[in-house]
Novice: 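Before we start, here is the structure in question, set down as structure tokens.
So you know, we letter chains A, B, ... as the sequences are listed, proteins then strands, and number each from 1. Just the heavy atoms: all of them, side chains too, but no hydrogens, waters or symmetry mates, feed the values below.
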Amino acid sequence: MNDLENNNVENGLNNFITEIIDNDIANNKNNGAVITRFPPEPNGYLHIGHAQAIWLNFSIAKKFGGKCHLRMDDTNPEKESIEYANAIQEDVKWLGWDWNDDLYFASDYYQQLYNYAIELISSGKAYVCDLSPDEFREYKGTLKEPGRPSPFRNRSVEENLTLFEEMKNGKYADGEKCLRAKIDMEHPNILMRDPAIYRIRRAHHYRTLDKWCIYPIYDFAHPLEDAIENITHSICTLEFEVHRPLYNWFVENTSVKATPQQIEFSRLDLSGTMMSKRKLLQLVEEGVVAGWDDPRMPTVSGLRRRGYTPEAINNFCEKAGITKFKGIIDLSLLEHCVREDLNKHASRYLAVMNPLKVTISNWEEGRVDILEGVNNPEDETAGTREIPFSKHLYIDRNDFMENAPKKFFRLSEGREVRLRYAYYITCDEVIKDENGEVIELICSYDPESRGGKSPDGRRVKGTIHWVSVEHAAKAEVRLYDRLFATERPGTDDAVDFHSELNSESLTVVDAYLEPALANSDVTKTVQFERQGYFCKDKDSTAEKIIFNRTASLRDSWAKKKK
RNA sequence: UACCCCAUGGUGUAAUGGUAGCACAAGUGGUUUUGGUCCACUUAGUUAAGGUUCGAGUCCUUAUGGGGUAACCA
């Protein structure tokens, strides 16, 4: 392994883009500088796909000793808001990235962009066009047929200058005129056929308010924004590939000094969910989910509320990889990443979600024993906690079975199990109600087995979780599953994506928590032993504790049963 | 077929003309006071056909399949 490879392995970052940058640096392009940017439009919340773009741009900056700008690409006042702009910043920060002083807004460049437009007009490379949007489209041609020149294509520089200034000054109605780059109406790439670069839109902008009634269009604005900020590598997703000639055209035909390079990669796609901001917005507006931060949403804020950690998300972004191949990542990789992180860091607690009453027949009423539980077997420094034990307990209903098969290592009449950190108990009697449903178990405990082992060293295979009824706190637990039942929801236009929703994406149950969990102010995601990872939801009140299930534990027993 | 892009196990991703590797998933076994974790092992891959070469996943040609692009959105 050579030094370069070694270096890349240590950085955990090596893909076709870093190879391009390696070459650029070897050739001393940009004097070896690397400046990237993450340029979201503040028209929605960030999702896991954005998280990968963020991870990519910031990691590249870090790897090459450069920097990464955060830029709000806010050139469309009709869809953007301060709420979104703020949420984006919060999410990027939470993911662990620091843009230092490099926070920018495209809207701060409006005057500069206007000046570059004048430059293009002055050099005969842009003109004001009076075609209506319909006519504009018609003149543009189709994918297979060339376009025709606009009748306004050959206006004089002076006339264009005057008209453009009048556009800016509000002389014309919205859509009455637009400014177009003069390139080639017969170009095989339809984007090069005199694209519009400024439109008239009397919309209130959340930052520039009503100062402007003309707004620059992405294809014109973006390369110039990049150049203004001295971006060296402008990384974007695949659908902009055909825009690259246009991107370069604006860099080459204006007086900007920098020569940013656009590089496209395949956006991250996850099975069982969708990344369309428009459709996610629809789910929010229709109330299908509880908001952008609903724990079932693939948004950064949704994952945060679900109990995911930034480490898990960034690891996932890295493991998913960067290529130009448009694939779909299995949700199980994301789940693996969160379990991997949480297994190392989450404190363990006992909580019973599906309670079945257990009475210890040979335990005195009122007697309480305080036992010691290990907080995290993966981390000795996490310490221990006290767990009260008494005559009346709850165990999980799934941990009892009548006529259990031999491989069932839990409780059944006449069988013995270990209560985690407590005692061995044997089920002596099963009490049922008039419907024949099991409502209580009468068990006897072995006083010699305190702490979960007995002096005779007998083997008790099963260990189950429990809580003491009188010490337990009741809580609500929200069990989340994938939002959609299909692998690729929303990809078939003939299918309404609502029909692909998973009707069981949310199940609400009651749970009984051991006191150490109920009394602590948990802010981190914890493990309910043998069940999964859970975090306290923001809907919790002093009276009502609410937990969200982040992810279940792997369950090889459940698999075996199938 | 107007132009552009892409194609490696089920999924994602390495291999930069020289032994097709890794991760997830799936499965088998072991350890275990979480049927978790951990450990070991197994299954499974270069879209096709030509060409260049001592040697091709990699380079060339063609075919096939998939995707993107015709907003005064980004």
Novice: Does the salt bridge (Lys or Arg N to Asp or Glu O under 4.0 Å) test come out yes or no for D194(A) and R153(A), once each step is laid out?
Specialist: CA-CA 9 Å; D194(A) 290 12; R153(A) 198 170 198 262; 2.7 Å; yes
Novice: Give me the distance, rounded to whole Å, that separates U43(B) from G29(B) when you measure between the C1' atoms they each carry.
Specialist: 15 Å
Novice: Can a side chain N or O of T463(A) be found less than 4.0 Å away from OP1 or OP2 on U32(B)?
Specialist: no
Novice: Could you check whether T323(A) gets within reach of a base, just the sugar-phosphate, or nothing at all, counting any heavy atom under 4.0 Å?
Specialist: sugar-phosphate
Novice: Between F528(A) and F547(A), does the ring centre distance come in under 6.0 Å?
Specialist: yes
Novice: How would you label the contact of K277(A) with the nucleic acid (heavy atoms, under 4.0 Å): base, sugar-phosphate, or nothing?
Specialist: nothing
Novice: Measure from NZ or CZ of R148(A) to the centre of the six-membered ring of Y139(A) and say whether it is under 6.0 Å with the direction within 45° of the ring axis.
Specialist: yes
Novice: Picking from G35(B), A14(B), A23(B), which would you name as closest to the side chain of L333(A)?
Specialist: A23(B)
Novice: Pick the nucleotide of RNA chain B nearest each of I328(A) and R339(A); which residue has the one closer to the 5' end?
Specialist: I328(A)
Novice: Determine which nucleotide pairs with U34(B), using a 3.5 Å limit on both distances of a Watson-Crick or G-U wobble pair.
Specialist: none
Novice: In whole Å, what separates the C1' atom of U69(B) from that of G50(B)?
Specialist: 32 Å
Novice: Write out a two-atom table: protein N or O, nucleotide N or O from nucleotides 43-48 of chain B, distance below 3.5 Å.
Specialist:
none

Novice: In Watson-Crick or G-U wobble terms, both distances under 3.5 Å, what is the partner of C22(B)?
Specialist: G12(B)
Novice: Parallel, tilted or perpendicular: which fits the ring planes of H222(A) and Y247(A), with parallel below 30° and perpendicular above 60°?
Specialist: tilted
Novice: Apply salt bridge (Lys or Arg N to Asp or Glu O under 4.0 Å) to K453(A) and E448(A), showing your working.
Specialist: CA-CA 8 Å; K453(A) 43 186 177 286; E448(A) 298 296 308; over 6 Å; no
Novice: For C24(B), does OP1 or OP2 lie under 4.0 Å from any side-chain N or O of H336(A)?
Specialist: yes
Novice: What nucleic acid atoms does R554(A) come within less than 4.0 Å of, heavy atoms only: base, sugar-phosphate, or nothing?
Specialist: sugar-phosphate
Novice: Which nucleotide in the list G35(B), C6(B), U34(B) gets nearest to the side chain of F325(A)?
Specialist: C6(B)
Novice: Over how many whole Å does the gap from R418(A) atom CZ to U32(B) atom P extend?
Specialist: 11 Å
Novice: Can you identify which nucleotide, out of G36(B), C3(B), C5(B), has its nearest atom closest to the K324(A) side chain?
Specialist: C5(B)
Novice: Rounded to the nearest angstrom, tell me the gap between atom CZ in F409(A) and atom P in U34(B).
Specialist: 13 Å
Novice: Counting heavy atoms not belonging to K524(A), are there more than 12 under 6.0 Å from its NZ?
Specialist: no
Novice: Between protein and nucleotides 68-74 of chain B, what N or O pairs are separated by less than 3.5 Å?
Specialist:
| unit_1 | atom_1 | unit_2 | atom_2 | d |
| --- | --- | --- | --- | --- |
| A71(B) | OP2 | R137(A) | NE | 3.3 |
| C72(B) | O2' | R201(A) | NH2 | 2.8 |
| C72(B) | N3 | G175(A) | O | 3.3 |
| C72(B) | N4 | L131(A) | O | 2.6 |
| C72(B) | N4 | G175(A) | O | 3.1 |
| C73(B) | OP1 | R201(A) | NH2 | 2.9 |
| C73(B) | OP2 | R199(A) | NE | 2.5 |
| C73(B) | OP2 | R199(A) | NH2 | 3.0 |
| C73(B) | O3' | R199(A) | NH2 | 3.3 |
| C73(B) | O2' | N76(A) | ND2 | 2.5 |
| A74(B) | OP1 | T75(A) | O | 3.4 |
| A74(B) | OP1 | T75(A) | OG1 | 2.7 |
| A74(B) | OP1 | R199(A) | NH1 | 3.2 |
| A74(B) | OP1 | R199(A) | NH2 | 3.3 |
| A74(B) | OP2 | Y218(A) | N | 2.7 |
| A74(B) | O3' | D73(A) | OD2 | 2.7 |
| A74(B) | N6 | H243(A) | NE2 | 3.4 |

Novice: Please measure how far the P atom in U28(B) lies from the corresponding atom in G68(B), and state the result in whole Å.
Specialist: 40 Å
Novice: Run the salt-bridge test on E372(A) and R385(A) with the 4.0 Å N-O cut-off and return the result as yes or no.
Specialist: no
Novice: Roughly how far apart, to the nearest Å, are U47(B) and U8(B) at atom C1'?
Specialist: 10 Å
Novice: Counting Watson-Crick and G-U wobble pairs only, both distances under 3.5 Å, name the nucleotide matched with U28(B), or none.
Specialist: A40(B)
Novice: L553(A) has an atom CG; how far is it from atom P of U34(B), in whole Å?
Specialist: 11 Å
Novice: If you look at every strand shown and take non-hydrogen atoms under 4.0 Å, does R193(A) touch a base, only sugar-phosphate, or nothing?
Specialist: nothing
Novice: Checking side-chain polar atoms at under 3.5 Å, does Y206(A) have a donor or acceptor matched by the opposite partner on D74(A)?
Specialist: yes
Novice: Sticking with atom C1', work out how far G51(B) lies from G55(B), rounded to a whole angstrom.
Specialist: 15 Å
Novice: Would you tell me if any nitrogen or oxygen in the side chain of R530(A) comes within less than 4.0 Å of OP1 or OP2 on G35(B)?
Specialist: yes
Novice: In whole angstrom, give the distance that lies between atom CG of N15(A) and atom C1' of C6(B).
Specialist: 16 Å
Novice: With hydrogens left out and only the distance checked, is there a donor-acceptor pair under 3.5 Å joining Q527(A)'s side chain and the base of U34(B)?
Specialist: yes
Novice: Would you mind reading off the distance between D269(A) atom CG and C6(B) atom C1', rounded to a whole angstrom?
Specialist: 15 Å
Novice: Calculate the interatomic distance between I464(A) atom CD1 and U32(B) atom P; express it in whole Å.
Specialist: 20 Å
Novice: Please determine whether a side-chain nitrogen of the Lys or Arg among D226(A) and R71(A) lies less than 4.0 Å from a carboxylate oxygen of the Asp or Glu.
Specialist: yes
Novice: Roughly how far apart, to the nearest Å, are G17(B) and U46(B) at atom C1'?
Specialist: 15 Å
Novice: In plain terms, say whether D481(A) and R549(A) are close enough for a salt bridge, that is, a side-chain N and a carboxylate O under 4.0 Å apart.
Specialist: no
Novice: Using atom P in both nucleotides, what's the gap between U58(B) and A23(B) to the nearest angstrom?
Specialist: 25 Å
Novice: May I have the distance from R420(A) (atom CZ) to U32(B) (atom P), rounded to whole angstrom?
Specialist: 14 Å
Novice: Base, sugar-phosphate, or nothing for Y215(A), non-hydrogen atoms under 4.0 angstrom?
Specialist: nothing
Novice: Is it the case that atom CD in E186(A) sees more than 12 heavy atoms from other parts of the structure closer than 6.0 Å?
Specialist: no
Novice: Roughly how many Å apart are C38(B) and A74(B), using the C1' atom of each and rounding to a whole number?
Specialist: 47 Å
Novice: Report the nucleotide, chosen from C3(B), G35(B), A23(B), that has the shortest atom-to-atom distance to any side-chain atom of K319(A).
Specialist: A23(B)
Novice: Does U69(B) pair with anything, Watson-Crick or G-U wobble, both distances under 3.5 Å, and if so, with which nucleotide?
Specialist: A2(B)
Novice: Provide the Watson-Crick or G-U wobble partner of U62(B), both distances under 3.5 Å; none if there is no partner.
Specialist: A48(B)
Novice: Atom CG of N375(A) and atom P of G36(B): how far apart are they, to the nearest Å?
Specialist: 21 Å
Novice: Does OP1 or OP2 of C24(B) have a side-chain N or O of S332(A) closer than 4.0 Å?
Specialist: no
Novice: List the residues meeting side chain to side chain contact (heavy atoms under 4.5 Å, CB included) with L143(A), not counting sequence neighbours, and say none if there are none.
Specialist: I190(A)
Novice: Check step by step if salt bridge (Lys or Arg N to Asp or Glu O under 4.0 Å) holds for E80(A) and R207(A).
Specialist: CA-CA 10 Å; E80(A) 296 151 7; R207(A) 292 187 80 245; over 6 Å; no
